[in-house]
Protein chains: 2
Amino acid sequence: MSGRVRIVDVASLAGVSTATVSRALSAPETVGRATRDRVMEAVRATGYRVNGAARDLRQQRARSLLILAPNLANTFFSRIFSAIQEEASAAGLAVQISDSRIGREKLVSLGYDGRADGIVLLDGAIDPDVVNGWRLPMIQLCEWNEAYRAPRIGIDNAAAARMAVEHLADLCHRSVLHVSGPDGNVLAVTRREGFSDGVAARGIAGTTLAGDFTLEAGACAARRWAELRPRPTGVFCASDECALGFISECAALGFGVPDDVSVVGFDDIDFAHRFLPALTTIRQPREALGRAAAKALVNLLGLAQVADPGDPAIAPTIVVRSSTAPPPTDDSRVATITLD
Amino acid sequence: MSGRVRIVDVASLAGVSTATVSRALSAPETVGRATRDRVMEAVRATGYRVNGAARDLRQQRARSLLILAPNLANTFFSRIFSAIQEEASAAGLAVQISDSRIGREKLVSLGYDGRADGIVLLDGAIDPDVVNGWRLPMIQLCEWNEAYRAPRIGIDNAAAARMAVEHLADLCHRSVLHVSGPDGNVLAVTRREGFSDGVAARGIAGTTLAGDFTLEAGACAARRWAELRPRPTGVFCASDECALGFISECAALGFGVPDDVSVVGFDDIDFAHRFLPALTTIRQPREALGRAAAKALVNLLGLAQVADPGDPAIAPTIVVRSSTAPPPTDDSRVATITLD
DNA sequence: GCAGCGTCTGGAATCGATTACATCGCAGGG
DNA sequence: CCCTGCGATGTAATCGATTCCAGACGCTGC
């Protein structure tokens, strides 16, 4: 006995009206004790579950939030999704996910079909007209776009990049390479700016190669790096994936990390501390980020009792491991240092 | 002009009834040419989008499928989610995700609230009463449970494990270790069985250590392995994560892979081919698996025109890379071989 | 000229809940 | 004793689409 039980079935079994059943379930204190017990018993007996579509239609909300990410296959998002879903679930919300590259028409519909109450945007490259056309509460997470009319949550990417440069400079590297993300990407641009600022501040030489955050981009950058003269002794990759690709290809080319070159990553993905060598990297607290975004969205939806101020805990930190060390001390380098 | 446009607004602007607007949108061929054009123009002018909740209620379906996974933070699922979402999107379905450990009550609701038309189950450890209580089309993917009344899609885990053993045996390893998943898990159990079978078939020595698929489990297993006498020269880990943890800890203990010990993983995650050494592993075609599951579910929902037979392409393969090699030829081993 | 048929369109029921408003009974104050 | 007020409950409107059914219209063929 289940599946197609409606509220009228419960009502007739309990000998009350549907209004009373509805109230007994959603506002128990407004229903008399005896009646409530009778209703609850009928609910149990029939196995009744409210029909979401009917409730959503009547209440004009979907009890659901939508996550839009530029590539669901990217493992970087896993922990963020997990955190968002936990928070959402706690607030009684379901979680819908979609790749943001499903095509303009479908994308527009997603924000319009009334099946999500709010959106977590992990993509800063969607057409702003589409995004601003949605009349839903939104939060930008990690990536962002100035044109979107929505609050942002994320780390200070420029500061994070500067930390990486600082670290390499502190180890006495005088020439560093940045393997960045693609030109159009805000994260890539901001981290590159931070890199440039850091390099300028420390008076060291900085070079940039554009990549796209992937393993292959890192490997490709390693081959380019090997041909540079003089070769930078420190490398800052815009993502851990990229850094691992770089290190892996270095090994194939006969270079050791950190003996021949120091490498700093970005993100602190799960594997970073188990890579060989363990990767020095900028930690993005992904779980905290996801949680903060979900909380902020729940707040915007007016579902939270307590409004908490912006979480100050979302700061990037550098995690120093074994992929960075002082630069190799070959003759030319010693000579250079002596000249200073 | 948008957001709160209803079908009646479009109808009155176009000077037709709501029935006609509805038909013009969902079955254009049943509406006269002139009328259809007028309706479409009104749709454009008003920016009308159908209300999903209303349509779902009337049609008694949600145009949405639910993915249930035991841990959304597990990066293994990323590619699967991505593939499922692609197929679902192509079939006009939204994708909802949930961690399957959200608590029994919430879990029961998920399958009952009418907001999903079908479920992709990636968890074989949910209470069968809950799962079988759902009256929705379901597909079990990767993990499974005999008690669930739902078709399964996944690789042959026992055969896959045997392939790993074969590979090690072919390299002349005579004593191999299996770092398995946790006891209750079907994947762990099946792979362990395959391991045992393989070992027996080749007449070599096999030992098993229970882990839980994680990096740390692999690292822990490495420490245990180092204390074994004699030490197995080949290791088959039940997941790539575990294998990477094992190799990483081996390095910390002063053992080299594959010089001192050969390691085979399972899954072929993205990093496997870039790890140092590149990991020999059993490839699970995750994208194909996700795609097949989504297609099968779409078929069950009766949304597909063509029913395609079970995809035979979903077979595990072994990808041989650099983490496996013949066993080290120390004296004791040479002696043993000589005795054969 | 008319029956018969096919095409297009509109009226109204329907999906299943929530909720504004009305009603009823009873307790307490004037 | 009547009236007010309040708590508990029922009646019916409502959310916004889809779809059954029937009617209008134009043609064809006899």
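Keep in mind that this is a model prediction, so the values were computed, not measured. Labels below follow one simple rule: chain letters A, B, ... track the order of the sequence lines, proteins then strands, and each chain is numbered from 1.
- For B/Thr18, counting side-chain heavy atoms from C-beta on, the closest listed nucleotide (D/dA17, C/dA12, D/dT9) is C/dA12.
- Taking atom CG on A/Asp56 and atom C1' on D/dT14, their separation rounds to 15 Å, with Å as the unit.
- One atom, CZ of A/Arg61, and another, C1' of C/dT19, lie 14 Å apart when rounded to the nearest Å.
- Here A/Thr20 lies in heavy-atom contact (under 4.0 Å) with sugar-phosphate atoms only.
- Close to D/dG16, at under 4.0 Å from its OP1 or OP2, lies a side-chain N or O of A/Gln60.
- D/dC15 atom C1' lies 14 Å from atom CG of B/Asp9, rounded to whole Å.
- The shortest distance between the side-chain N/O atoms of B/Gln59 and the OP1/OP2 oxygens of C/dT14 is not below 4.0 Å.
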For B/Asp270 and B/Arg286, what are the C-alpha separation, side-chain angles and deciding distance, and is it a salt bridge (charged side-chain N to carboxylate O under 4.0 Å, His left out)?
-> CA-CA 11 Å; B/Asp270 299 341; B/Arg286 289 174 293 154; 3.5 Å; yes
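- Rounded to whole Å, atom C1' of D/dA17 lies 11 Å from atom CZ of B/Arg6.
- Nearest nucleotide to the side chain of A/Val50, out of C/dA17, D/dA17, C/dG10: C/dA17.
- The side chain of A/Arg58 contributes no N or O atom lying less than 4.0 Å from OP1 or OP2 of D/dT14.
- Between the C1' atom of D/dT14 and the CG atom of B/Asn51 lies a distance of 13 Å, rounded to the nearest Å.
- Per the geometry, CZ belonging to B/Arg36 stands 18 Å off C1' belonging to C/dG10, to the nearest Å.
- On a pure distance criterion of 3.5 Å, no polar donor-acceptor pair joins the side chain of A/Arg4 and the base of C/dG16.
- Within the 3.5 Å criterion, the main-chain N or O of A/Leu68 finds no donor-acceptor partner in the side chain of A/Asp123.
- Proximity of A/Arg79 to B/Leu72: side-chain heavy atoms (C-beta onward) are nowhere separated by under 4.5 Å.
- One can place CZ of A/Arg115 at 13 Å from C1' of D/dA17, the figure rounded to the nearest angstrom.
- The closest side-chain donor-acceptor pair between B/Glu143 and B/Asn185 falls under 3.5 angstrom.
- Within 4.0 Å (heavy atoms only), A/Val16 reaches sugar-phosphate atoms of the nucleic acid but no base atom.
- Proximity of B/Tyr48 to the phosphate of D/dG16: no side-chain N or O atom is located under 4.0 Å from OP1 or OP2.
- When each of D/dT19, C/dT18, D/dG10 is scored by its nearest atom to the side-chain atoms of A/Ala19, the top-ranked nucleotide is D/dG10.
- Residue-to-nucleotide proximity on DNA chain C shows that, of A/Ser26 and B/Arg23, the 5′-proximal contact is made by B/Arg23.
- Closest to the A/Ser22 side chain, of the nucleotides D/dA17, D/dG16, C/dT19, is C/dT19.
- In this structure, B/Tyr112 atom OH and C/dG16 atom P are separated by 15 Å, rounded to whole Å.
- For the residue pair A/Ser109 / B/Arg49, a side-chain donor-acceptor distance below 3.5 Å is found, with atom types taken as modelled.
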